[in-house]
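Working notes, structure below.
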Amino acid sequence: MMRLSKAQALLFLKDKVQKSKILPSLVFKASSFIPEVINDIKAFFKNNVIVRSSSFDEDTEYFSNAGHYKSILDVNINNDDEISNAIKEVILSYNGQNLDKNEILIQSMLKNVVYSGVVFTSDLDSLSSYYIVNYDTKGSTSSVTDGTGKNLKTYIEYKNAFNIQRKSPFLDQLIKAVKELELILDNSFLDIEFGYDGKDIYIFQVRPIVKENKHDLSEIDYEKALYKLHKKIKKLNCPHPNLLGNYTMYGVMPDWNPAEIIGKKPKKLSLSLYKELITDSIWANQRSNYGYRDLCSHPLLVNFLGVAYIDIRVSFNSFIPNSLNKETAEKLVEFYLEYLKNNPSRHDKVEFDIILSCYDFSTNSKLENLYAHNFSKDEINSIKVSLIELTNNVFSLYKDDLNKIEVLKEKYELIMKSNLSLIDKIYWLTEDCKRYGTLPFAGLARCAFIAVSFLKSFIDKNIISNNEYVSFMNSLQTVSKKLSKEYNELEIDSFLEKYGHLRPGTYEITSKRYDESFHLYFSKSKVKSEEKENFSFTKHQLSQIDNYLKKSKLKITAIELVEFIKKSIEAREYGKFIFTKSLSEILVLIEELAKRHNIKKEDMAYLDFKTILSLYSDLSFEDIKSLFEKQIKINKKLYKITQGINLPDLLKNEFEIYSFYNLDSSANFVTLSSVEAEIVTEERLYIEDLKNKIICIRSADPGYDFLFTKKIAGLVTCYGGANSHMAIRCAELNIPAVIGVGEKSYANIIKYNYIGIDCNIQKIKRIG
């Protein structure tokens, strides 16, 4: 693309485009503005105008100053002072620089705008071949570029999409116009601002995408890989003899949410380790033990071109009580699938908003909703009876799981003190971690979910208030709270002996443990200890709970239920703390194994964990270094390809392989508090003072617990659910948080410098 200013690019395109239009424009040098120019403007334009900057340092392939200079919208063409002031304001934004070169661009204001926004003709991060359209559905011509829009949509389409059929005539017209611009300018890397008045596409601006300092994956052809995935999804999306439901969907957040724990595009080691420890079989064994349907032969997590997805049909099957008859169970799974398909923004809240996985005081009202979906009275009653039976069963099991966690502590010590080889230690740490760590942890996590469900049902039945819910959560004594307290009380060596195994990115070998880089995570000075809040249910509240329990035929007293709720939430965090010690040590031993064979830790992140485990029982002719390096080389190449692929967070059918809308996620607001503060993004966590700042991180991983020793003001995460670790942690400490805002909102939020979070009215606002 030739080097043109914003104004010159539009003038160059004006007589060349056929599939779009360029608004009438006047251009003059900033240095040549004199009052007489206003007469020329008034003679040229009949309606209101926009006064825009057009600088040569805005639009280059090496850097962008997009938005750096002023644009004044909707300037009254009949008001000389308004025109003059708008022009002067734009000139002032140049700060006296290059006024004989920089231009002022005057354009007609487009009337009756239906949609407006920005199209990128490649992925901004990887430069891979996608059209990414961000547009405002209410017609604002600035909300996309200034980040203030509340009615924004993001549409993503692979450029060489197989047999693409756009359902939107607007998008079809827009993409055709964009393709024409790429041809005219001979450039596949464009940033295009546009407007649509219901009839024509208008181009407001065209500039090159900055390509400097980016991983350029534009030469990779994804067509064959995506077509292969297209066919696979089509084949999988059919009835299965061992599963209920006639079709499936795939999501990055439902049920053991991989996007939150290992990331949407994890490297091979963390992905395979997560599958081995939890999602291949352990998850299903736990549910079967608790009285749900047996899904033990079905992996929960699937890997599509390097993107980690949960098989939602498998997940929904696993939440059906085993005692429920097959016909009703089939109908229930079909209902869950249809509800999610029609309400995709609920994909990260399926357990609270869609699934009936336990019985609490709000279950009856949820069951009533099934009448509107053709469930009979007998079917609804059978679902209710099965949920009551299952919940009663869970009440008696959580202590057994807590005891198993204690066994893991003993097993860990025995292995670490043994003379076993590195490979043998990795193997047995893994086996013990599964049997005595992740399996009981999965049970404790299920109990904690049921516990929180009961607490929320207490609110629904006016037994407790929202403020009392916050107070109860703040009264809990979890490992995370103890970490903050003991950070103040213990010497560094003693603190690290207990908490040193933790790391942000629990499954990621390249992430440093607390004991490897203490001063990276923790400040030198101590902070004021968190005050424990005392909370007790009143006699009246306990009496109300007892009455509901008797009516529901749950075999537990109010005092026992409150104890179950408290212990379950605390035990979930404790169980996670214990099993992650074994997990963290597995990664340490893998690193040691790599050193012995002169392989970098960063390279080991691309190795399949099963390859390491296989060395325990298989003696190969091939030496370990060659075996590892061969696989690492292949997986590095595949991961590079993965980085350029765009797939939706909720994959509903094979056509969404090629084109989809980003989901509008419904975020989880934690506490009833509000805060306004400067934000600090994940990339700056270790170089900035975090005190009184709102922290923005992608996941809700427990390895980020060090943040709570920093006296942060608030927290925003891209991924995470209402029952995630960080949601529980922020509720305990009464820290305003927004958990799981989704990719689209997160990308907007981290553009800001200063935001406000109001959890009471559930709103995030930009302040600066």
Side-chain angles (χ1 to χ4, degrees), residues 6 10 19-23 47-53 64 66-75 105 107-124 130-157 166-178 181 190-207 209 344-345 646 648-649 659-667 741-752 755-756 762-768:
K6 182 190 305 181
L10 292 175
K19 299 184 185 301
S20 60
K21 294 186 175 182
I22 308 294
L23 291 166
N47 299 303
N48 287 7
V49 297
I50 176 172
V51 180
R52 310 182 70 184
S53 63
S64 172
H68 185 69
Y69 304 116
K70 283 278 189 178
S71 288
I72 312 298
L73 281 67
D74 207 19
V75 177
L105 169 63
Q107 289 178 292
S108 295
M109 277 294 295
L110 183 61
K111 288 185 174 182
N112 304 316
V113 177
V114 178
Y115 302 132
S116 71
V118 175
V119 184
F120 301 109
T121 63
S122 73
D123 183 277
L124 284 179
Y130 284 88
Y131 292 118
I132 300 174
V133 185
N134 299 311
Y135 66 99
D136 189 300
T137 60
K138 297 297 182 182
S140 170
T141 56
S142 62
S143 64
V144 172
T145 52
D146 67 17
T148 61
K150 297 180 178 63
N151 306 288
L152 305 182
K153 284 189 175 294
T154 300
Y155 171 78
I156 298 173
E157 178 185 309
R166 303 180 194 97
K167 295 180 181 179
S168 165
F170 149 67
L171 283 173
D172 194 55
Q173 192 173 341
L174 176 64
I175 297 299
K176 288 175 181 176
V178 168
L181 290 173
L190 299 175
D191 172 347
I192 302 162
E193 289 183 31
F194 70 89
Y196 176 67
D197 65 357
K199 180 185 176 185
D200 296 309
I201 300 292
Y202 288 84
I203 304 302
F204 298 150
Q205 178 170 304
V206 182
R207 60 177 168 234
I209 288 173
S345 65
N646 275 300
D649 285 355
S659 64
F660 59 92
Y661 285 94
N662 273 351
L663 293 178
D664 296 314
S665 292
S666 177
V741 298
E743 287 278 1
K744 188 167 69 173
S745 294
Y746 186 79
N748 277 329
I749 290 167
I750 61 175
K751 294 177 184 175
Y752 308 155
I755 65 170
Q762 301 201 346
K763 183 178 181 181
I764 301 175
K765 61 180 178 179
R766 177 182 182 178
I767 297 174

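Since we're looking at a predicted model, the values are computed, not measured.
I209 and D191 get closest at one heavy-atom pair: CG1-N, 3.9 Å. Nearest heavy atom pair, residue S116 against residue V113, reads CB-CG1, 4.0 Å. Closest of all the heavy-atom pairs between I203 and V206 is CG2-CG2, 3.5 Å.
A donor-acceptor pair under 3.5 Å links the side-chain atoms of K6 to the main chain of S53, judged by distance alone. Without hydrogens or angle criteria, S108 side chain to L23 main chain gives no donor-acceptor distance under 3.5 Å. A side-chain donor-acceptor contact under 3.5 Å links Q173 to the backbone of K199. A donor-acceptor distance shorter than 3.5 angstrom exists from the side chain of R52 to the backbone of F204, with no hydrogens or angles considered.
For Y196 and Y135, the ring centers sit 6.0 Å or farther from each other.
Qualifying side-chain contact (heavy atoms from CB on, under 4.5 Å) partners for S659, counting only residues two or more places apart in sequence or in other chains: Y155, E157, I164. Checked against side-chain contact (heavy atoms from CB on, under 4.5 Å), I750 has the following partners two or more places apart in sequence or in another chain: T681, C696, Y746. Looking at residues two or more places apart in sequence or on another chain, you find a side chain to side chain donor-acceptor pair (under 3.5 Å) between N646 and D123. For Y131, there are no ring-ring contact (aromatic ring centres under 6.0 Å, His included) partners at least two apart in sequence or on another chain. Here T154 pairs with N134 under the side chain to side chain donor-acceptor pair (under 3.5 Å) rule; sequence neighbours left out. P648 meets the side-chain contact (heavy atoms from CB on, under 4.5 Å) test with Y309, L651, E656, F660; sequence neighbours excluded. Remark: K19 pairs with no residue by the side chain to side chain donor-acceptor pair (under 3.5 Å) rule, at least two apart or across chains. Listed by chain and residue number, K21 satisfy the side chain to side chain donor-acceptor pair (under 3.5 Å) test with D200 (two or more places apart in sequence, or in another chain). Applying the side-chain contact (heavy atoms from CB on, under 4.5 Å) rule to D74 yields the partners N48, M109; only residues at least two apart in sequence or on another chain are considered.
Residues L124 and I132 have side chains not in contact (no heavy-atom distance under 4.5 Å, counting atoms from C-beta outward). A 4.5 Å side-chain heavy-atom check between Y752 and I764 finds every atom pair outside the cut-off. Looking only at side-chain heavy atoms (C-beta outward), D649 and N662 stay at 4.5 Å or farther from each other. Residues L152 and N748 form a side-chain contact, since some pair of their non-hydrogen atoms from C-beta on lies under 4.5 Å apart. In this structure the side chain of L10 reaches within 4.5 angstrom of the side chain of L105, judged on heavy atoms. Here the side chains of V133 and I175 are in contact, with some heavy-atom distance below 4.5 Å. In this structure the side chain of Y115 never reaches within 4.5 angstrom of the side chain of D136, judged on heavy atoms.
How far CD1 of I192 is from CG of L181: 5.0 Å, rounded to the nearest 0.5 Å. Separation of atoms CD1 (I201) and CG (L174) is listed at 4.5 Å; rounding is to 0.5 Å.
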